[in-house]
2 protein chains.
Amino acid sequence: MANKKLILQIDFRSGLPIYTQIVNQVQAQIASGILQPDDQLPTVRALAEELRVNFNTVARAYRILDEARIISTQQGRGTFITESLPPKATERLRREALEALTQRYLSEALRLEFSKSEIRQTINDQLKARNEANEPKE
Amino acid sequence: MANKKLILQIDFRSGLPIYTQIVNQVQAQIASGILQPDDQLPTVRALAEELRVNFNTVARAYRILDEARIISTQQGRGTFITESLPPKATERLRREALEALTQRYLSEALRLEFSKSEIRQTINDQLKARNEANEPKE
DNA sequence: AATGCATTGATACATTTAGTACAATTATGG
DNA sequence: CCATAATTGTACTAAATGTATCAATGCATT
């Protein structure tokens with residue numbers, strides 16, 4: 001299941017940027033189940049050649065999808081569909097995501113035998129530092 | 001004590017090079033005492049297979065650690081943790097490890113648009129929960 | 001026409017993978 | 001004990017892959 005040909009139809013006259021069309025169609029194929037988690041996408045250069053497009057354009061599309069956590073681009077390795085996220089981030093799912101993230105962090109920190117006060121201290125310091133550097137909100 | 005399984009968690013999506021992640025985690029585990037002088041690390045090929053990574057990538061990490069005198073790679077024999085660093089250096093490594101770990105955690109959490117108070121709350125809740133479950137220490 | 005912006009293209013680069021060969025050490029079998 | 005094989009790290013080359021940066025292009029607004 002990890003090998004599957006990605007078929008995209010680019011309309012060069014549509015007015016829509018090419019990278020947007022790539023983003024949309026990959027998203028659609030994931031939503032429809034054609035593309036599944038861990039599937040590997042074509043390399044930026046391979047897809048670019050197939051679409052007769054500059055590989056930077058494909059890279060841009062991949063970067064957008066990566067930032068949206070839809071795919072995972074890995075330098076030197078390739079590009080893969082990530083585990084499917086719930087389409088709607090309900091409040092409960094949001095909370096679960098943060099709890100999972102925090103649990104991984106604390107498990108690792110405690111495994112490395114950092115004390116709870118050290119952890120609290122570091123968290124506070126860094127949050128404070130980010131306050132001063134960026135928008136002091138919250 | 002010279003036999004101990006090295007457990008590394010590589011995040012292929014983190015953007016950090018794989019060899020850097022290996023370096024950081026080995027350093028952290030030495031600083032925390034999980035890995036001790038004369039402990040043998042997995043062979044480059046064994047660790048590579050476990051991490052699903054090319055053995056050159058592991059070799060690169062080992063070479064960096066070797067150049068930093070943190071481990072000793074010995075052709076034909078294996079790689080071993082060197083004698084312990086001065087406590088000063090160990091403490092610095094420990095601190096850096098926690099700061100790096102925390103930074104990654106906060107960056108991810110903030111990127112997902114969790115508020116600082118949400119983060120603080122979740123950290124506190126989970127630390128409290130771990131207190132009650134295990135030995136309430138510190 | 002001029003300016004500014006978004007898109008695309010060109011180029012150099014960092015990382016990872018792959019393959020091969022080699023040297024040093026250790027394990028094995030006679 | 002010795003010869004040989006297997007293990008282990010090292011070195012090197014080449015190719016694949018995504019990344020970063022800036023230039024060129026086209027288009028809209030002024």
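Just so we're on the same page: letters track the sequence lines, and every chain starts at 1.
- Protein atom CG of B/D11 is 12 Å distant from nucleotide atom P of C/dT16, rounded to whole Å.
- Across all strands, B/F55 comes closer than 4.0 Å to base atoms (heavy-atom distances).
- Straight-line distance from the CD1 atom of A/I71 to the C1' atom of D/dT17: 13 Å, rounded to whole Å.
- Taking only side-chain nitrogens and oxygens, A/R60 comes nearer than 4.0 Å to OP1 or OP2 of C/dT7.
- No donor-acceptor pair closer than 3.5 Å links the side chain of A/E83 to the backbone N or O of A/P37.
- Taking the side chain of B/T43 as heavy atoms from C-beta on, and the options C/dT8, D/dG18, D/dG9, the nearest nucleotide is D/dG9.
- For A/I18 and D/dT25, the CD1 to P distance is 16 Å, given to the nearest whole Å.
- A distance-only check finds no donor-acceptor pair linking the side chain of B/R60 to the backbone of B/I18 [under 3.5 Å].
- With hydrogens and angles left out, the side-chain atoms of A/R130 and B/S107 include a donor and acceptor closer than 3.5 Å.
- Atom CZ in B/F80 sits roughly 11 Å away from atom C1' in C/dT26 (whole-Å rounding).
- Remark: B/T73 is in phosphate contact with D/dT10, judged by side-chain N or O atoms under 4.0 Å from OP1 or OP2.
- At whole-Å resolution of the value, CG in B/N56 and P in C/dT20 are 13 Å apart.
- Using a 4.0 Å heavy-atom criterion, one finds that A/R63 contacts no nucleic acid atom at all.
- Rounded to a whole Å, the CG atom of A/L47 is 14 Å from the C1' atom of D/dT17.
- For the pair A/L16 CG and D/dG26 P, the computed distance is 20 Å after rounding to whole Å.
- Rounded to whole Å, atom P of D/dG9 lies 13 Å from atom CD1 of B/I22.
- Taking 4.0 angstrom as the limit, A/Y19 places a side-chain polar atom (N or O) nearer than this to OP1 or OP2 of C/dT7.
- Proximity of A/N54 to the phosphate of C/dA10: a side-chain N or O atom is located under 4.0 Å from OP1 or OP2.
- Minimum atom distance to the side chain of B/R45 is reached by C/dA21, of the listed D/dT21, C/dA21, C/dT16.
- The phosphate of C/dT15 (OP1 or OP2) has no side-chain N or O of B/T57 nearer than 4.0 angstrom.
- Using a distance-only test at 3.5 Å, with no hydrogens or angles considered, no donor-acceptor pair links the side chain of B/T57 to the main chain of B/Y19.
- For A/Q75, taking side-chain heavy atoms from C-beta onward, the closest of the listed nucleotides D/dT17, D/dG9, C/dT7 is D/dT17.
- For the pair A/T82 (side chain) and A/I70 (backbone), a donor-acceptor distance under 3.5 Å is present.
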